[in-house]
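Encoded as structure tokens, the structure appears first; notes follow it.
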Amino acid sequence: MPVHNHEIAERFTRLANLLEIEGENPYRVRAYRNAARTLGGLSVSIADMVAEGEDLTRYPGIGKDLAGRIRTLVETGELPVLTEVERRVPTELSDLMAIEGLGPKGVRSLYKKLSIDSLEDLEEAARAGRIHQVERFGEKTEQSILKEINKLRSGGRQRTRLVDAEEVARPLVEYLAAAEGVEAIEVAGSFRRRKETVGDLDILVSCEDSGPVMERFVSHEDVAEVVSQGTTRSTVRLSSDLHVDLRAVSAKSYGAALHYFTGSQAHNIAVRQRGVERGYKINEYGVFPSGESGGKPMAGATEEEVYDCVGLPWIAPELREDRGEIQAAEEGRLPELVTVEDMRGDLHAHTDATDGGEGLRAMAEAAADRGYEYLAITDHSKRVSMAHGLDADRLRAQGAEIDRLNEELEGITLLKGIEVDILEDGSLDLPDDVLAGLDMTVCSIHYQFNLPRDRQTERIIRAMDNPHFRILGHPSGRTINEREALDLDMERLVEAAVERNCILEVNGQPGRLDLRDTDCMLARERGAKLALSTDAHNVPNLGLMRFAVDQARRGWVEAGDVINTRDLQGLKRALERA
DNA sequence: GCCGTTTTCGGCCCGACTGTTTTCAGTCG
């Protein structure tokens, strides 16, 4: 049984936690943590790489030692250094670190003084009032621990989907912008990096006197709790349970602060490290000569200035994940990321013939209004009975209607398509001669999500063998916070797509965002072509393109990697199989 | 444990806020 990437990452995280509790060299701890993050974010199978004898030290933060440990873990299923640590301290201590406000020192102290080594122990001790008797623990901490245990038991705080975060952020930004003295305001953090989910919102304002905006912030009607409040930073919990941080700096520091609060943390560390090498100290107030505190920063009003100080061009927020963007920037090979303006059409849309809300004409006109040259109509096929999927006759009738519409529509061409189901055996839900009459197909899985990896992967590859297979719709099948992804060998799938000149979709439905960012990256590296689509079920849904674009940008995707950045002629060529 | 435009040794990002304390350690981002 091969060891999955996430299992490897989990072991390294556990190791980092336990070492930290033991008081081990923090840089060694960080090395394990970084490794966990890097490995967990990879799209390719580490086990496969080990099997093929690939050099793992090409990944940042993986050196000779770690590469060796990974190899051992893959080959034997054992991580001896972890086993060693677990002999000294209970492995469950690692789980206690999940409690907010409880860090390594706290866990160690509770273990030493009260022999607490599980959530149950911790809860019991807190209820019995034994925690606050330990040095550096008080009544407040004891109560907060009980609250946090409850939260953890009820599944913990879920990350918020980007689209939902936007709905909170938009009015909040408007509200804060109206505060006295606010000169600029922006949502930073993972929101600005356009990550598919955000843990909290980080809002940055520029102003000389932060008093009024901070006061306005904590007194917003949606605030359920003021978690912390200061002059430069305050944190609240909204009634929706989303945490929001507000940070205030002066205009001369705005760029440095924006860079810092945009993150990711790993990206910041790497940039600051470059600063140190060049004799600078970089913080959220600006760039300073090393060793100097206060005084006038050498740079900091804009992000460009900060990057310039460390010899780099500005890096787009979507790339700031420490996934090689700094090296790419240094070597002048940052990607020219695809933009919403590059998009010439949408290749996945439904109508009221199945589960969409509007007819062909309304969808076509809305697409034309967006400035598109084409829109592919891709209703469900019959297997999706819930959505009243199309059979061959209804599909032909729709095609005739599209032909009529194309005669009279100006400036937009409707493409005849279908979102045809990939059946369990890898065949498609409509006969070949019917599919042959279409301009294109989106082929998707809507049933049998739980096949084992080999069979699920084979199923899709077999479907790709059908000459009418064009675009793989929402490839992983996951829905964010709801349904796990199909168990797929994404690397094999991408390679199969490249070999057959099939295209992978990046679905812009905010609950899907599928392909994922790291899979977009993998696809791009292997030379697979992508289609950015909205899977629109009504007219407003056509506006979801920006989410597909965001996701693709996080995967380093350029306009040239995307077939629907081309004009109609170019698109038709890209859709040819041969 | 990683890493190299001073380095293969000796560094390793940096500051805000809280709670528990009378000056700061711990945690977080």
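Every heavy atom of this structure was used, including side-chain atoms; hydrogens, water molecules and symmetry mates were not. Order of the sequence lines fixes the chain letters, A, B, ..., with proteins taken first and strands second; residue numbering starts at 1 for each chain.
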Nearest-nucleotide pick for [X], side chain only, options being [options]:
X: Arg136(A); options: dA16(B), dT27(B), dC24(B); value: dC24(B)
X: Asn283(A); options: dG1(B), dC14(B), dG26(B); value: dC14(B)
X: Glu100(A); options: dG15(B), dC28(B), dG1(B); value: dC28(B)

Using a heavy-atom cut-off of under 4.0 Å over every strand shown, decide if [X] touches base, sugar-phosphate, or nothing.
X: Gly189(A); value: nothing
X: Arg69(A); value: sugar-phosphate
X: Pro26(A); value: nothing

Please give the distance between the [atom1] atoms of [N] and [M] as a whole number of Å.
N: dG15(B); M: dG10(B); atom1: P; answer: 26 Å
N: dC13(B); M: dC17(B); atom1: P; answer: 22 Å
N: dT20(B); M: dG26(B); atom1: C1'; answer: 11 Å
N: dT21(B); M: dT27(B); atom1: P; answer: 14 Å
N: dT18(B); M: dT8(B); atom1: C1'; answer: 42 Å
N: dT7(B); M: dC12(B); atom1: C1'; answer: 13 Å

Please report the distance, rounded to the nearest Å, between [atom1] in [X] and [atom2] in [N].
X: Met214(A); N: dA16(B); atom1: CE; atom2: P; value: 12 Å
X: Tyr32(A); N: dC2(B); atom1: OH; atom2: C1'; value: 11 Å
X: Asn17(A); N: dG26(B); atom1: CG; atom2: P; value: 17 Å
X: His243(A); N: dA16(B); atom1: NE2; atom2: P; value: 22 Å
X: Ile70(A); N: dG1(B); atom1: CD1; atom2: C1'; value: 12 Å
X: Glu135(A); N: dC24(B); atom1: CD; atom2: C1'; value: 13 Å
X: Arg108(A); N: dA25(B); atom1: CZ; atom2: C1'; value: 15 Å
X: Glu142(A); N: dT20(B); atom1: CD; atom2: C1'; value: 14 Å

Check ion pair Glu148(A)-Lys151(A) (N to O, under 4.0 angstrom): yes
Counterpart base for dT8(B), defined by Watson-Crick or G-U wobble contacts under 3.5 Å: none
Polar atoms only, N or O, under 3.5 Å: list the protein pairs with nucleotides 9-13 of chain B and their distances.
| unit_1 | atom_1 | unit_2 | atom_2 | d |
| --- | --- | --- | --- | --- |
| dC12(B) | O3' | Gln273(A) | OE1 | 3.2 |
| dC13(B) | OP1 | Arg30(A) | NH1 | 2.8 |
| dC13(B) | OP1 | Arg30(A) | NH2 | 3.2 |
| dC13(B) | OP2 | Arg30(A) | NH1 | 3.4 |
| dC13(B) | OP2 | Arg30(A) | NH2 | 2.7 |
| dC13(B) | O2 | Arg272(A) | NH1 | 2.7 |

Arg216(A) (side chain) donor-acceptor with Tyr175(A) (main chain) under 3.5 angstrom: yes
Main-chain N/O of Thr231(A) paired with Ser210(A) side-chain donor or acceptor, under 3.5 Å: yes
His220(A)/Val236(A) under side-chain contact (heavy atoms from CB on, under 4.5 Å): CA gap, chis, key distance, verdict: CA-CA 10 Å; His220(A) 187 276; Val236(A) 302; over 6 Å; no
Plane angle bin for His259(A) and Tyr307(A) - parallel if under 30°, tilted between 30 and 60°, otherwise perpendicular: perpendicular
Picking from [options], what satisfies side-chain contact (heavy atoms from CB on, under 4.5 Å) with [X]?
X: Leu110(A); options: Asp117(A), Leu96(A), Leu102(A); value: Leu102(A)
X: Gln551(A); options: Asn507(A), Val557(A), Val506(A), Leu162(A); value: Val506(A)
X: Val107(A); options: Asp95(A), Ile116(A), Leu93(A), Leu122(A); value: Leu93(A)

Residues Ser476(A) and Arg516(A): side-chain donor-acceptor under 3.5 angstrom: no
Under 3.5 Å side-chain donor-acceptor pair for His267(A) and Glu325(A): yes
Stretch residues 221-236 of chain A: residues that reach within less than 4.0 Å of DNA chain B through a heavy atom: Ser228(A), Gln229(A), Gly230(A), Thr231(A), Thr232(A), Arg233(A)
Comparing Met97(A) and Tyr280(A) on DNA chain B - which has the more 5′ nearest nucleotide: Tyr280(A)
Given DNA chain B, 5'-ward residue of the pair Val81(A) and Leu102(A), judged by closest heavy atom: Val81(A)
dT18(B) OP1/OP2 closer than 4.0 Å to side-chain N/O of Thr141(A): no
Steps toward side-chain contact (heavy atoms from CB on, under 4.5 Å) verdict (Asp517(A), Trp556(A)): CA-CA 8 Å; Asp517(A) 53 3; Trp556(A) 296 48; over 6 Å; no
